Number of protein chains: 2
Amino acid sequence: MKASIDDVAKRAGVSTATVSRAFSRPDMVSEKTRTRVMEAAEQLDFSVSRTAGILKSGRSYRVALLVGSGKIEWFTARIIEGLNEILREAGYDLVIYPIGDTDARKSFFSDLPVRGNVDAVVVSSFAISHPEIERLTTTRVPLIGLNITSDDFDASVRIDDRAGIKLIVRHLAALGHRNILYMYEQFTSTLGFSSFNRIYGFTDAVNEIEGLRGRTVAVSPGDSIVNVAMSELFASDDPPTAICFHQDSQAIPLLFKLRRYGVSVPDDVSITGYDNSTFAEDAGLTTVRQKPYDMAVEAARKTLALIEGRPIKVDHEIFPVQLIVRDSTSGPRPAGLSKIGVCD
Amino acid sequence: MKASIDDVAKRAGVSTATVSRAFSRPDMVSEKTRTRVMEAAEQLDFSVSRTAGILKSGRSYRVALLVGSGKIEWFTARIIEGLNEILREAGYDLVIYPIGDTDARKSFFSDLPVRGNVDAVVVSSFAISHPEIERLTTTRVPLIGLNITSDDFDASVRIDDRAGIKLIVRHLAALGHRNILYMYEQFTSTLGFSSFNRIYGFTDAVNEIEGLRGRTVAVSPGDSIVNVAMSELFASDDPPTAICFHQDSQAIPLLFKLRRYGVSVPDDVSITGYDNSTFAEDAGLTTVRQKPYDMAVEAARKTLALIEGRPIKVDHEIFPVQLIVRDSTSGPRPAGLSKIGVCD
DNA sequence: GTGAAAGCGCTAACAT
DNA sequence: ATGTTAGCGCTTTCAC
């Protein structure tokens with residue numbers, strides 16, 4: 001059926017070695033022969049099979065990407081784009097392994113389907129445990145972390161989440177806020193390591209500032225973040241004057257809805273996000289920018305270097321975060337939300 | 001270095017054939033032997049190499065996904081999720097090929113890197129030309145279309161875009177609108193086929209209704225859709241009372257901004273999207289729902305069937321669209337936008 | 001139930 | 001510049 005290198009060789013009247021060379025090292029074959037080979041190949045619809053070469057070279061030309069969920073949200077989409085961009089042109093395929101629920105996770109680390117089948121493993125932003133990393137190590141291939149810090153990785157690229165959230169907290173404090181809230185969705189077991197740092201970082205940053213109070217609130221996955229936020233705003237006589245969200249994608253729905261509920265942003269309450277993801281700019285959301293595409297490109301470069309045994313300048317790289325101030329933050333009302341609807 | 005099947009065989013005191021069987025057909029090996037083999041494998045950190053099996057079987061266990069852009073937006077993200085979900089558990093790797101700019105496109109179809117290297121090619125939602133499909137055919141593997149119609153595909157899954165946009169047009173007409181606008185971003189050469197149908201379908205649907213006027217406007221990629229929309233609204237004494245967007249993601253930014261410009265939705269103008277993508281519900285956007293994840297799952301099933309030579313019930317399947325009415329549409333003001341700011 | 005051995009489609013070392 | 005040939009790591013007949 002499918003033409004093999006032998007068929008081409010026969011048709012072109014040369015040996016298989018010549019055909020192979022015509023494709024992989026054109027300069028080692030005479031102009032004339034090469035043309036003849038290429039014509040024969042074209043007629044037979046022949047393309048070199050990577051599989052055979054792979055077997056020969058011992059390299060799989062495959063890179064695994066481990067992600068914490070089957071859902072490809074903003075961050076993961078950018079990561080895939082960045083990795084694929086660099087890896088593809090180097091001849092590597094990116095293969096995505098979602099390690100979502102507990103079962104998938106257990107079976108992945110027990111079967112370890114990547115062992116012997118990929119040249120590197122990139123782990124993106126989920127709380128991988130030490131035993132799991134240990135297990136991955138038995139694959140004997142480079143391990144690269146994306147928004148994960150661990151000495152067990154051969155290389156990593158991440159942002160400084162503590163610094164990022166600190167920018168937010170200080171920005172709000174400078175505006176005059178003294179009572180702020182941090183909201184995040186309750187995580188499953190696959191919570192990203194980076195995420196923990198944002199939450200802890202919030203508390204630390206708050207404690208650094210005299211007179212500033214900050215509280216963190218976890219919203220259960222089933223609950224509407226809007227309703228929880230509203231409850232927090234109206235629950236006490238001393239409501240927060242600003243709410244910081246763990247991700248833009250949690251803040252954006254609130255921005256859409258608050259208006260209808262009689263709360264104005266930023267007049268009644270300031271709102272911040274994190275990521276500078278899709279629609280953050282359109283929404284006028286004050287946020288912290290991170291650039292996962294750029295991080296993935298760098299991670300891919302490190303990955304290739306490690307695979308090919310080239311030295312890498314920086315093993316563990318920290319990408320900058322930047323505060324993006326927009327219209328969702330301003331100074332608090334003198335008396336907070338209790339003044340809503342009352343003309344000053 | 002890496003343990004091979006021979007090492008395991010030696011250690012377990014059996015032949016390589018037995019080791020192979022212990023992994024691929026456990027029932028063909030005695031309980032005792034199997035245990036011994038598995039222990040040896042565990043000690044040596046051995047996993048079966050797929051590459052070798054692949055070479056033997058002649059199947060690559062790889063499926064290519066051709067997409068029109070390196071950017072993974074809502075639709076493509078859902079497609080990847082759906083395909084990966086089904087293909088992975090069947091042992092297939094999904095490999096993404098973005099055929100973005102003209103150069104990438106030309107080189108892809110001339111080199112045809114998938115030939116001999118994948119078991120099937122899934123083409124998602126971009127305007128592939130006939131010669132390009134012809135060229136893909138030389139790979140001799142099944143071709144599956146996602147939101148593309150063509151008899152050249154062995155199977156396809158798509159929505160009825162004309163029916164979808166008709167739902168929108170009739171909904172607006174029923175509300176009393178008589179002058180509506182269709183806005184879309186000017187496409188590059190990789191415009192999805194499905195997209196054309198939405199645009200043509202709009203005009204057709206409008207013409208079906210007595211007294212309804214409809215115009216289509218292409219926004220250049222560089223232009224702000226918000227500014228173009230505003231210009232359309234204020235350009236004439238007889239402005240449209242509703243604007244239909246080609247995708248939710250084009251309508252959502254407008255919803256965020258219109259308020260500031262003194263235009264209220266839906267009182268001053270009705271807005272519709274298409275997709276029911278992220279934030280459409282939060283934004284209260286009237287739209288047409290399509291479920292790309294489900295479509296991808298079905299496409300993956302068809303793909304596997306075609307690869308394995310199993311019969312498929314329906315080659316070319318059309319998924320339903322559904323009108324989702326929300327708060328961004330209502331009856332038009334009696335005198336349209338010219339009445340803005342004037343109390344009735 | 002298990003072993004011996006051929007061969008999947010190439011690449012690369014060696015020979016000419 | 002080109003040909004010959006030995007494997008890469010498995011799977012799978014075919015014997016036993």
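All figures in this text were calculated on a predicted structure; none of them were measured in a lab. So that the names make sense, note that chain A is the first sequence line, chain B the second, and so on, each numbered from 1.
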Checklist entry - Would you say the side chains of Ser110(B) and Ser107(B) form a donor-acceptor pair under 3.5 Å? => result no
Checklist entry - Would Tyr97(B) and Asn84(A) satisfy side chain to side chain contact (heavy atoms under 4.5 Å, CB included), going step by step from the backbone distance to the final call? => result CA-CA 9 Å; Tyr97(B) 290 85; Asn84(A) 210 30; over 6 Å; no
Item to check | Any residue of residues 12-37 of chain A with a heavy atom less than 4.0 Å from an atom of DNA chain C | outcome: Ala17(A), Ser20(A), Arg21(A)
Checklist outcome for this item: Numerically ordered, the residues 44-59 of chain B set in heavy-atom contact under 4.0 Å with DNA chain C is Leu55(B), Lys56(B)
Item to check | Residue from Leu65(A), Val67(A), Leu146(A), Leu136(A) passing side chain to side chain contact (heavy atoms under 4.5 Å, CB included) with Val123(A) | outcome: Leu136(A)
Checklist entry - Of Glu39(A), Arg11(A), Lys10(A), which is the lone residue that meets side chain to side chain contact (heavy atoms under 4.5 Å, CB included) with Leu44(A)? => result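 It is Arg11(A); the other options fail the test.
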Next on the checklist: Atom NZ of residue position Lys32(A) - does it have more than 12 heavy atoms of other residues, nucleotides or ligands inside 6.0 Å?
Outcome noted: no
Item to check | Separation of atom NZ in Lys10(B) from atom P in dA4(C), rounded to whole Å | outcome: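 Spelled out: NZ on Lys10(B) to P on dA4(C) is 12 Å.
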Checklist entry - Atom CG of Asp119(B) and atom C1' of dC8(C): how far apart are they, to the nearest Å? => result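 Computing the Asp119(B):CG to dC8(C):C1' distance gives 15 Å.
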Does a side-chain N-to-carboxylate-O contact under 4.0 Å join [X] and [Y]?
X: Glu31(A); Y: Arg34(A); answer: yes
X: Lys71(A); Y: Glu85(B); answer: no
X: Arg78(B); Y: Glu81(B); answer: yes

Item to check | Range on DNA chain D touched by chain A, heavy atoms, distance below 4.0 Å | outcome: dA1(D) to dG9(D)
Checklist entry - Could you walk me through whether Lys302(B) and Phe153(B) pass the side chain to side chain contact (heavy atoms under 4.5 Å, CB included) check? => result CA-CA 12 Å; Lys302(B) 292 191 198 304; Phe153(B) 287 100; over 6 Å; no
Checklist entry - So Arg310(B) and Arg301(B), side chain to side chain contact (heavy atoms under 4.5 Å, CB included) or not? Walk me through it. => result CA-CA 11 Å; Arg310(B) 282 182 280 118; Arg301(B) 297 222 170 93; over 6 Å; no
